[in-house]
Structures are given as C-alpha cells and as structure tokens.
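Below is one structure, written out as structure tokens; comments come after it.
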Amino acid sequence: MSDRRELVVSWLLPLARLAVAGVLIYAGLQKLPNIRAFAEIIGNFKMLRAESGQLLAVILPWCEVTTGLFLLCGLWLRAAGLMSLLMFCAFTTATGSLLARGLKTECGCFGTDSIVDWRTLAIDLAGVVAATAIIWMTSVRRRLEV
Amino acid sequence: MTVADGKRVDETGWLENATKNAASWRGEILRLALIGLIAAVFALTTNYLRERPVPIWSATGPAAWRDAAERISCNDLKPLLKGTMKIFLLDVRSPQLFQQAHPAGAFNAPAHDFMDYYATVAPYLDVADLIVVVCNDKDCSLGDLVAHILIKDLKHERVRVLYGGWEAYKEADLPREGEAP
C-alpha cells in the first residue's frame, strides 16, 4: 500500500506542482503590466470597497508569481500549496458570486482577457482540487519519509 | 496504556503525534505568512516605483464601483445575429472609423455627440430586442458611457456592450460592411 502511495505521490506531485505553478505564474505575469486595468475589473465585480480592491489588485499578481515560483522550485511546498488553495478558493467564490448575480463582466484571470462564465468556474475548481492534492501529497510524502 | 477494541492504544504516543502535527501546521502557517509578506513587499515596492502607481488608499481609485454595462461576447452575439431577435448594433466609434468599416447593419452614433444622433436612432432602439454598443476595443469607457445614458437616462432595457469591441468583432469574422475588397 505504501509502495503504491509512494508511486502515486512521486508521479502526481511534480505534475500537480508544475500545473499549478504554470497557471499561477502565467496569470500573475499577465496582470502585472496593467495593474490599473486589473483594479478596474475588480471594481466591476462589486464585491470589495475601492481601497481593498486596489490593495488586492496590487498584491494578488505578486502573490501568484511568488507562490508559483515556490511551487516550481519545490520550496515550502505545503505552505505554497496552502497559499494556492486560498487563492483558488477566493477565485471560485468571486466567480460563483458573479455567475449567481448574472453579472457579465471581464474575468481578469489572465490579465484582461475574457468574460466570466462557467468555464472560468471550472478552471477555478480544478485549481482548488490541484492545490488540495499538493497539500495532501506533500503530507503523505512526509509521513513516508519518517 | 489502555485497551480499546482489543488493541492497545498508546495515549502518550498519540498525544506526541498530535503535538508534532500541530507544531508542523503552525510552521506551515508561518511559512504561508512569509510567502504573503515577500509578495506584499515586491508588490508595494513595484507599485511605488511605477510611473502611475495605483492609489491604494483612494476611495475613488480604479477599483471604485463603476456603472460598467453588461458585456456580450462575439460568441454569444453570433447566434443572435442569425436568429429572429431584433438586434440593434450601435457603433459609437468616430464617423471616420465607421466609414472605413463597420458591423453589417450598424448605425453610427459617436459617443462624444451621442445625444445629437439619438433622435435619429431612437425609433429603432425602441423596437429592438437587444441593443449592442460597439466601441473600438477592450478599453471601452465610451461604450460604457453610452450604455449608461441608454439605461439610466433614456430608460432602455437590454443594453449590452460588445466585449472586445470592433477588434473582436473583426476577429470573430462576423458580417461587416464598408471594407475595401
């Protein structure tokens, strides 16, 4: 059983890490050149006060890039997994809220790209699953190493 | 030591494990906070160094709630144009750009002088099932302005701004007029 687990973890963990790191770094880098536009998109979500929205617009892209780099380098994996889980949970909540309110506005997920729809929610949920898998697999790996 | 369900349970061992786990998760939370701190330092420094930094503490900054009209994507518009719904395409770009090329069947009412053109287009707007405002590209603040006037001041319902504007319309290869062959 532990051999099987070891095999699954040794294959799936790097895959999940690379996938989540790739998505986060790409998303962060797409937002960084135009933080103002991203702040406007956050404003269109009508979920946060202007000040909080602006602070989020400034910090979130860097959070994505930093977390992505930690995941890519395999440093502080469980903490980076937790951070990505928090971000994807927030994205899922925001997307779900927009869809529930029927607001058709830009997503801002990868810069100023597309309108929020069910695919956006699916991507966010996939992110939640992948981040949870990273945390779980890192914990399993630790237990196996002990 | 206790006996439960025929198995020996080492309470001290369990407690030790639980303590170790809690300490390990505390460490993770600390690392998580450090990752956030590193990101925040980079974010605030680069924002400060930007030519036009985002005014974080301003209540009227870019993240202030705007009256942005709802968007419609070209993908969603395509079947509607082929269907039986009366779609009114309102091109709010300048007359020069409109003359170069425009969506088939669109009316031109430049955003800056919209009210001057309104009397001409009003009868069509009244009978339209959906009014789609077409601006130049993604940065569509003038489209939002016209949509705002249509919804709030002129009480038109079902107004959408075309997401991506004329650029997206061309890319989606939707019917056009006025283009040089």
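In what follows, chains are A, B, ... by sequence order, proteins preceding strands, each numbered from 1. On a predicted model such as this, the values are computed, not experimentally measured, just so you know.
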* **Interface residue of largest heavy-atom contact number with chain A, from P55(B), A40(B), A33(B), under 4.5 Å** =>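 So the answer, after comparing P55(B), A40(B), A33(B), is P55(B).
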* Asked: Counting heavy-atom pairs under 4.5 Å to chain A, which of L44(B), V41(B), T46(B) comes out on top?
  ->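 Winner by heavy-atom pair count: T46(B).
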* Applying a criterion of heavy atom separation less than 4.5 Å, what residues of residues 72-98 of chain B form contacts with chain A? ->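 I72(B), S73(B), D76(B) fall under the 4.5 Å cut-off.
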* Look up atom OG1 in T66(A) and atom CD1 in I35(B), then write down how far apart they are to the nearest 0.5 Å. =>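 Going from the OG1 atom of T66(A) to the CD1 atom of I35(B) covers 8.5 Å.
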Linked, directly or transitively: [X] and [Y] (ILVMFWY side chains, under 4.5 Å):
| X | Y | result |
| --- | --- | --- |
| V134(B) | L150(B) | no |
| L71(A) | L37(B) | yes |
| Y124(B) | V146(B) | yes |
| L174(B) | V133(B) | no |
| I41(A) | L162(B) | no |

* Below 4.5 Å from any heavy atom of chain B, which atoms of M87(A) appear? Answer side chain, backbone, both or neither. =>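 Neither part, no heavy atoms under 4.5 Å.
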* Asked: For L75(A), is it the side chain, the backbone, both or neither that has a heavy atom under 4.5 Å from a heavy atom of chain B?
  ->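 No part of L75(A) comes within 4.5 Å of chain B.
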* To do: Before accepting this row, confirm whether a basic side-chain N of the pair R101(A)/E70(B) lies closer than 4.0 Å to the acidic partner's carboxylate O.
  =>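 Salt bridge flag = no for E70(B) with R101(A).
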* Top of E64(A), R78(A), M83(A) for chain B proximity - count of heavy-atom pairs under 4.5 angstrom ->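 The option with the most such pairs is R78(A).
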* For the candidates D117(A), I42(A), V65(A), I35(A), which exhibits the highest count of non-hydrogen atom pairs separated by less than 4.5 Å from chain B? ->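 It is I35(A).
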* Any residue of residues 49-61 of chain A which, by heavy atoms, sits under 4.5 Å from chain B ->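 Counting heavy atoms that sit under 4.5 Å from chain B, the residues of residues 49-61 of chain A involved are A50(A), E51(A), G53(A), Q54(A), L55(A), V58(A), I59(A).
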* So, R36(A) side chain and P53(B) main chain: donor-acceptor pair closer than 3.5 Å or not? ->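 Judged by distance alone, yes, a pair lies under 3.5 Å.
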* Asked: Around atom OH of Y118(B), are there more than 12 heavy atoms of other residues, nucleotides or ligands at under 6.0 Å?
  ->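 Above 12, so yes.
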* Residue pair W76(A) / E28(B), side-chain heavy-atom distance below 4.5 Å ->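 The answer is no; the side chains never approach within 4.5 Å.
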* Asked: Given side chains that start at C-beta, do those of I38(B) and F70(A) come closer than 4.5 Å, heavy atoms only?
  ->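 SC-SC contact between I38(B) and F70(A) confirmed.
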* Counting only heavy atoms closer than 4.5 Å, note whether R50(B) contacts chain A via side chain, backbone, both or neither. =>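 For R50(B), side-chain heavy atoms alone lie under 4.5 Å from chain A.
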* Please report the shortest heavy-atom distance between W25(B) and S139(A), naming the atom on each side. =>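 Of all heavy-atom pairs spanning W25(B) and S139(A), the closest is CZ2-OG, 4.3 Å.
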